[in-house]
Amino acid sequence: MKQYKIMNIIIILLSIIAIIAICSFFQISVLGKEYADIFGYTVFKTETGSMSPTIEIDDIVFVKLGNHDLNENDIITYKNGKAIITHRIVKMENDTIVAKGDNNNSEDAPITKDSVIGKVVFCINHVAVWKQVFSDIQVIIPICITLILFVIIVLYKEKTGDENVG
């Protein structure tokens with residue numbers, strides 16, 4: 001019974017990830033949006049080290065969409081021309097915001113609240129390392145073999161009804 005619950009959880013998680021990926025693809029590729037809106041959140045990958053050491057190159061930031069509830073010292077993502085920038089708010093005055101990268105010497109040009117995409121609420125660090133690990137064939141093959149063996153064991157237990165196998 002325990003393996004059924006684990007398999008169901010895995011299937012549900014993979015289904016949720018697939019639905020989010022399909023929705024994101026549809027919004028960006030078909031509707032032509034610059035970023036996806038999944039329940040009021042979006043995700044960006046950082047391209048530069050301007051926020052180092054807080055956020056490094058290739059880290060993933062989760063952004064809560066909207067320009068409300070912003071305060072000095074919040075990390076925001078905003079649009080400047082065609083560029084999408086993630087920096088920390090250093091000054092706020094009415095509708096004007098001045099941001100700066102933690103690793104930069106100078107402040108960014110002032111922006112309005114309308115330029116703000118949203119506030120960074122979570123960051124996944126070291127994504128580049130995991131991308132390298134999971135794109136290495138010496139890692140992918142053992143993972144695939146392990147998953148295949150896991151499925152074979154679950155199917156064997158299901159067929160024989162033996163809970164003590166493995």
**Message:** Could you work out, with salt bridge (charged side-chain N to carboxylate O under 4.0 Å, His left out) as the rule, every residue matching K119, not counting sequence neighbours?
**Reply:** D74

**Asked** For the hydrophobic clusters of this structure (ILVMFWY residues joined by side-chain heavy atoms under 4.5 Å, transitively), does one cluster hold both I111 and I89?
**Response** yes

Sequence neighbours left out, cut at 3.5 Å: what donor-acceptor pairs do the side chains of residues 11-23 make with other protein atoms?
unit_1, atom_1, unit_2, atom_2, d
S15, OG, I11, O, 2.8

**Residues which pass side-chain hydrogen bond (donor to acceptor under 3.5 Å, both in side chains) with D58, listed by chain and number, not counting sequence neighbours** = K45

**Prompt:** Are F44 and Y41 connected, step by step, through hydrophobic side chains (Ile, Leu, Val, Met, Phe, Trp, Tyr) whose heavy atoms are closer than 4.5 Å?
**Reply:** no

**Complete:** Residue pairs passing the ring-ring contact (aromatic ring centres under 6.0 Å, His included) test with at least one member in residues 52-91, sequence neighbours excluded, are F62-F122

**Message:** Please give me the minimum heavy-atom distance between A36 and T42, naming the atom from each residue.
**Reply:** O-OG1, 2.7 Å

**Request:** Please list, chain by chain and in numerical order, all residues satisfying side-chain hydrogen bond (donor to acceptor under 3.5 Å, both in side chains) with T54, sequence neighbours excluded.
**Result:** D102

**Request:** Measure across V116 and G66 and return the closest heavy-atom pair with its distance rounded to 0.1 Å.
**Result:** CG1-O, 4.2 Å

**Item:** pair E72-R88: side-chain heavy atoms closer than 4.5 Å
**Value:** no

**Item:** Nearest-0.5 Å distance, CG of residue N67 to OG1 of residue T112
**Value:** 8.5 Å

**Message:** Using 0.5 Å steps for rounding, measure from the CD1 atom of I143 to the CD1 atom of I148.
**Reply:** 12.0 Å

**Prompt:** In Å, rounded to the nearest 0.5 Å, how long is the span from CD1 of I76 to CG of N71?
**Reply:** 11.5 Å

**Message:** Working to the nearest 0.5 angstrom, can you tell me the gap between H126 NE2 and D59 CG?
**Reply:** 7.0 Å

**Message:** Within this structure, what is the OG-CG distance for the pair S115 and N80, rounded to the nearest 0.5 Å?
**Reply:** 7.5 Å

**Request:** Please say whether more than 12 non-hydrogen atoms of neighbouring residues, nucleotides or ligands are located less than 6.0 Å from NZ in K100.
**Result:** yes

**Item:** Donor-acceptor pair, side chain of D37 and main chain of G40, under 3.5 angstrom
**Value:** yes

**Prompt:** V43, V121: one ILVMFWY side-chain cluster at the under-4.5 Å cut-off?
**Reply:** yes

**Request:** Identify whether I137 and I145 are in the same connected component of the hydrophobic contact network (ILVMFWY, side-chain heavy atoms under 4.5 Å).
**Result:** yes

**Prompt:** What are the two closest heavy atoms between N103 and S52, and how far apart are they?
**Reply:** CB-O, 3.4 Å

**Asked** Is Y35 close to L65 at the side-chain level, that is, under 4.5 Å between some pair of heavy atoms?
**Response** yes

**Asked** Could you state the interatomic distance from CG (N125) to CD (E56), rounded to the nearest 0.5 Å?
**Response** 7.5 Å

**Asked** Is there a chain of hydrophobic side chains (I, L, V, M, F, W, Y, each step under 4.5 Å between heavy atoms) that links V98 to I117?
**Response** no

**Fill in**
Applying side-chain hydrogen bond (donor to acceptor under 3.5 Å, both in side chains) to T48 and not counting sequence neighbours gives S50

**Request:** Would you indicate whether the side-chain heavy atoms of M51 and I75 approach each other to under 4.5 Å?
**Result:** yes

**Prompt:** So do T77 and I84 actually touch side chain to side chain, heavy atoms under 4.5 Å?
**Reply:** yes

